[in-house]
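Below is one structure, written out as structure tokens; the observations come after it.
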Amino acid sequence: MKQESDIHFFTDQDVPDSIGDYLEELGHSLTRLRDIIPTNSPDPYVAATCVESGAVLVSFNHKDFEKIVRKSEAVKFDGKKATKNRMKTLSRLDMDCEQHCGLESLKKYIDIVEVELAKQTKNQSIRLWIGRTHCRIYR
């Protein structure tokens with residue numbers, strides 16, 4: 001389903017290029033981690049980068065990012081601090097399947113992903129959890 005609104009996605013280092021390519025084919029903007037920050041950047045820095053750019057983080061590393069969002073301390077980002085309240089605005093597309101199944105799983109649920117992200121407001125986060133046989137939405 002091609003959406004009229006462009007969604008900005010940010011793919012973590014563990015996301016296969018095929019997923020990013022697919023999102024771009026659908027007309028969404030995409031930033032790949034390796035294109036803007038070092039590939040060995042710690043996860044809190046990756047999360048802060050997404051928050052500051054307003055991008056939806058796509059990752060297979062969802063457990064670590066869940067811990068980061070829940071932490072109470074601020075995360076430094078280019079000399080600024082992303083506070084706990086700011087980190088709670090991180091929207092995520094969490095892939096909960098093997099990487100080689102990720103594209104197939106995303107294609108099954110892309111309509112839900114696009115509709116839910118299009119409804120999102122600027123300071124509201126949403127978490128979409130995609131597995132092989134399920135899609136869960138957390139607000």
Side-chain angles (χ1 to χ4, degrees):
M1 174 179 187
K2 187 123 174 155
Q3 286 293 101
E4 291 180 20
S5 63
D6 175 37
I7 300 167
H8 182 194
F9 289 97
F10 183 100
T11 53
D12 195 9
Q13 190 60 24
D14 62 352
V15 177
D17 284 346
S18 60
I19 289 177
D21 295 343
Y22 175 65
L23 293 169
E24 285 184 311
E25 286 171 18
L26 294 175
H28 302 296
S29 58
L30 176 75
T31 300
R32 297 178 199 272
L33 179 143
R34 68 175 177 257
D35 292 339
I36 63 166
I37 60 176
T39 57
N40 62 347
S41 295
D43 289 339
Y45 188 77
V46 173
T49 302
C50 288
V51 167
E52 293 301 315
S53 67
V56 176
L57 175 64
V58 182
S59 179
F60 284 82
N61 190 12
H62 58 87
K63 290 179 182 174
D64 288 343
F65 285 104
E66 184 65 23
K67 291 175 191 171
I68 291 164
V69 170
R70 289 181 184 204
K71 281 187 177 180
S72 60
E73 70 263 14
V75 177
K76 286 192 175 187
F77 174 79
D78 287 344
K80 301 176 190 173
K81 287 190 176 182
T83 62
K84 180 180 180 180
N85 286 339
R86 189 82 169 102
M87 288 301 288
K88 286 185 176 183
T89 66
L90 174 65
S91 288
R92 302 182 348 242
L93 177 55
D94 292 337
M95 302 301 296
D96 187 29
C97 58
E98 299 83 9
Q99 290 174 329
H100 69 276
C101 299
L103 180 59
E104 177 186 333
S105 296
L106 179 58
K107 284 182 176 182
K108 278 188 212 176
Y109 302 108
I110 192 62
D111 290 349
I112 295 168
V113 169
E114 289 179 326
V115 167
E116 290 299 321
L117 289 172
K119 291 192 297 189
Q120 173 191 17
T121 62
K122 185 176 181 179
N123 291 323
Q124 171 194 29
S125 69
I126 188 167
R127 177 179 170 218
L128 297 145
W129 189 358
I130 306 268
R132 277 184 145 187
T133 61
H134 62 277
C135 176
R136 296 182 183 144
I137 302 163
Y138 299 91
R139 294 173 208 257

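Computed from a predicted structure; not experimentally measured. Heavy-atom basis, side chains included; hydrogens, waters and symmetry copies ignored.
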Distance-only, no hydrogens or angles: does the Asp94 side chain make a donor-acceptor pair with backbone N or O of Val58 under 3.5 Å?
-> no
Using modelled atom types only, decide if a donor and an acceptor are shared between the side chain of Ser41 and the backbone of Ile37 within a distance under 3.5 Å.
-> no
Side-chain donor/acceptor of Tyr138 to backbone N/O of Ile126, under 3.5 Å = no
Ile7 side chain near Val56 side chain, heavy-atom distance below 4.5 Å = yes
Modelled atom types, side-chain donor and acceptor of His8 and Ser53, under 3.5 Å = no
With rounding to the nearest 0.5 Å, note down the distance linking CG in Asp14 to OG1 in Thr39.
-> 12.0 Å
Side chains of Ile112 and Ile130: does their closest heavy-atom pair fall under 4.5 Å?
-> no
Do Trp129 and Ile137 have side chains that get closer than 4.5 Å, going by heavy atoms?
-> no
So which heavy atom on Phe65 is nearest to which on Ser59, and how close?
-> CE1-OG, 3.6 Å
In Å, rounded to the nearest 0.5 Å, how long is the span from SG of Cys101 to CG of Leu106?
-> 12.5 Å
So, Lys119 and Glu116, do they make that salt bridge, N to O below 4.0 Å?
-> yes
Check ion pair Asp96-Arg132 (N to O, under 4.0 angstrom) = no
Hits for side-chain hydrogen bond (donor to acceptor under 3.5 Å, both in side chains) against Ser18, two or more places apart or cross-chain, chain-then-number order -> none
Which of parallel (below 30°), tilted (30 to 60°) and perpendicular (above 60°) describes Phe9 and His28?
-> perpendicular
Could you tell me whether a side-chain N or O of Tyr109 sits under 3.5 Å from a main-chain N or O of Gly131, the two making a donor and an acceptor?
-> no
Under-4.0 Å salt bridge between Asp21 and Arg32 = yes
Should the pair Asp12-Arg92 be classified as a salt bridge under the 4.0 Å nitrogen-to-oxygen rule?
-> no
Nearest-0.5 Å distance that lies between atom CD in Glu114 and atom CG in Leu128 | 11.0 Å
Non-hydrogen atoms of Phe60 and Gly102 that approach each other most closely = CZ-CA, 4.0 Å
